Amino acid sequence: MPEGHTVHRLAAAFEQAFGGQRVRTSSPQGRFSEAAQLDGMVLLGAEAVGKHLFLLFAPSDDVDRGSPVVRHVHIHLGLYGSWTFAGEPGFADAHAIGAPRLRIGEQEEQLDGGGVSDWRRLVPRPTVRLRIAGPQGLADLTGPTACEIMDAQERQAVLDRLGPDPLRADANPARFVDAVRRSRTTIGALLMNQKIVAGIGNIYRAELLFRARLDPFVPGNELSAGTLEEMWEDLVALMTYGARTGRIVTTQPEHRDIEARIVERSRGTRQNGDEDPDVVSRERSFYVYHRQTLPCRLCGTAVRSTDLAARTVFWCPRCQTARRRRAGWTREHPAAPWALTPGSSGEAAA
DNA sequence: ACTATATGTCCAC
DNA sequence: TGGACCTATAGTC
């Protein structure tokens, strides 16, 4: 259930866990029989583009010779896919606290709590499509929409059908701005279209539109370049935070309720200051996502939901009012919180 | 045991 | 636009 930030996180985790090392690969489930072709190769690195993950493999003697032919394992997690890591203490847990395991995708899983103390003896679930095992630990993939070997041309074809990715340094925001302004489709639908911008999912869509105070049903061609440039900058900030912490948080501290802040303070076990992602509980993290019928954090109006582009969109009908305006329109709300200040619960925001 | 749900995408009609 | 697909989990009977 990842959006782009999760996939970028995964790429970093794979580089750290297996980068440059020989690995064993297998498909316990049997549905990725090509795993046998990769067994014993070197995992050269990992790449994230939007919600697509590429793991790069090459035979070790090719690597030694200096010009390896790279096999790109293309993985898309879809709605259900996830990776589970297990290994030596410190393996793939750059973002976890203490435990020699973490599951990227959703919750953590107790891998050694049930009597399994050695990750090497961890029997894969029968649904594991791909297992990658290195000297320090392993990673199990379940439920992906895609898991296939690609060559360089096929990889490029995937990139070619994606819009700019806010988490990539090579992204060109003008492509996003121009594509939106050329379209009569609603901004709510355009944000979910991976050709327009790569990596946004249903949460970032709803939250970005709220932060822009924008009605999801405004046609793209009615938005000003300036508005879209600000939205791009906001996306970069939101998704960078998400990639760093593994969690989506879009609320400004002053918009989370007071009781929540008291609870967060009183938890008291923050060793490392302000960067602990657990500081913001899930219920405090969003302005509108999954908050239909609840009062808007800013104005108290009931948050609404409806279908838009095959998914449920959530929005505040009072705060998100811009519609049917020509390009050049400026926001009516006094101060849209473009700058995200995560982790500083209770502090005044910019 | 069954059902509903989930941060996704594609294809057929 | 509706259904199919991939899987785990929480909730209900």
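Bear in mind that the values here come from a model prediction, so they are computed numbers and not experimental data. Each chain gets a letter, A, B and so on, in the order its sequence line appears, and its residues count up from 1.
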inquiry  = Please determine whether a side-chain nitrogen or oxygen atom of A:His76 lies at a distance below 4.0 Å from atom OP1 or OP2 of B:dG8.
reply    = no

request  = Could you tell me the separation between the CG atom of A:Asn193 and the P atom of B:dG8, rounded to a whole number of Å?
outcome  = 13 Å

message = Say we look at B:dC13 and C:dC5: how far apart would their P atoms be, to the nearest angstrom?
response = 14 Å

message = If I take atom CZ in residue A:Arg31 and atom P in nucleotide C:dC6, what distance separates them, rounded to the nearest angstrom?
response = 5 Å

ask   = Using the C1' atom in both, what is the distance from C:dT9 to B:dT9, to the nearest Å?
value = 22 Å

query = Base, sugar-phosphate, or nothing for A:Gln29, non-hydrogen atoms under 4.0 angstrom?
reply = sugar-phosphate

message = Tell me the interatomic distance from A:Gln292, atom CD, to B:dA6, atom C1', rounded to whole angstroms.
response = 13 Å

query = When we call it a touch if two heavy atoms are under 4.0 Å apart, what does A:His290 touch: a base, just sugar-phosphate, or nothing?
reply = sugar-phosphate

request  = Would you indicate, yes or no, if B:dT7 has its OP1 or OP2 atom less than 4.0 angstrom from a side-chain nitrogen or oxygen of A:Lys51?
outcome  = no

Pair A:Gln292-A:Ser305, side-chain donor/acceptor within less than 3.5 Å = no

key: Rounded P spacing from C:dG3 to B:dT5 in Å   = 15 Å

task = Starting from P on B:dT9, measure out to NE2 on A:His74 and report it in whole angstrom.
result = 10 Å

task = Answer yes or no: does a side-chain N or O of A:Gln194 lie under 4.0 Å from OP1 or OP2 of B:dT9?
result = yes

request  = Could I get the full list of ring-ring contact (aromatic ring centres under 6.0 Å, His included) partners for A:His8, not counting sequence neighbours?
outcome  = none

ask   = Are OP1 or OP2 of B:dT9 and a side-chain N or O of A:Arg311 less than 4.0 angstrom apart?
value = no

key: Minimum-distance nucleotide to A:Thr142 side chain [options: C:dT9, B:dT7, C:dT7]   = C:dT7

remark   = A:Arg129 atom CZ is separated from C:dC6 atom P, nearest whole Å, by 7 Å

ask   = A:Phe286 has an atom CZ; how far is it from atom C1' of B:dA6, in whole Å?
value = 12 Å

query = Would you say the ring centroid of A:Phe14 lies under 6.0 angstrom from that of A:Phe85?
reply = yes

task = Identify whether any heavy atom of A:Thr127 sits under 4.0 Å from a base atom; if not, whether one sits that close to sugar-phosphate; answer base, sugar-phosphate or nothing.
result = sugar-phosphate

ask   = Under 4.0 angstrom, heavy atoms only, what part of the nucleic acid is A:Tyr204 near: base, sugar-phosphate, or nothing?
value = nothing

request  = To the nearest Å, give me how far apart NE2 (A:His5) and P (B:dG8) are.
outcome  = 10 Å

ask   = More than 12 foreign heavy atoms under 6.0 Å from CZ of A:Arg184: is that the case here?
value = no

ask   = Is there a donor N/O on one and an acceptor N/O on the other, under 3.5 Å, for the side chain of A:Tyr80 and the base of B:dA6?
value = yes

task = State plainly whether the residues A:Arg168 and A:Glu47 are in salt-bridge range, i.e. N to O under 4.0 Å.
result = yes

key: Base B:dT9 paired with A:Arg161 side chain (donor-acceptor, <3.5 Å)   = no

query = In whole angstrom, what separates A:Phe314's CZ from B:dA6's P?
reply = 7 Å

Taking distance alone, no hydrogens or angles, what donor-acceptor pairs closer than 3.5 Å link side-chain atoms of residues 67-74 of chain A to residues at least two apart or in another chain?
from	atom 1	to	atom 2	distance (Å)
A:Arg71	NH1	A:Val69	O	2.9
A:His74	ND1	A:Glu148	OE2	2.8
A:His74	NE2	A:His52	ND1	2.8

ask   = Nearest to the side chain of A:Met192 - B:dT7, C:dA8, B:dG8?
value = B:dG8

query = Which part of the nucleic acid does A:Arg205 contact within heavy-atom distance under 4.0 Å: base, sugar-phosphate only, or nothing?
reply = nothing

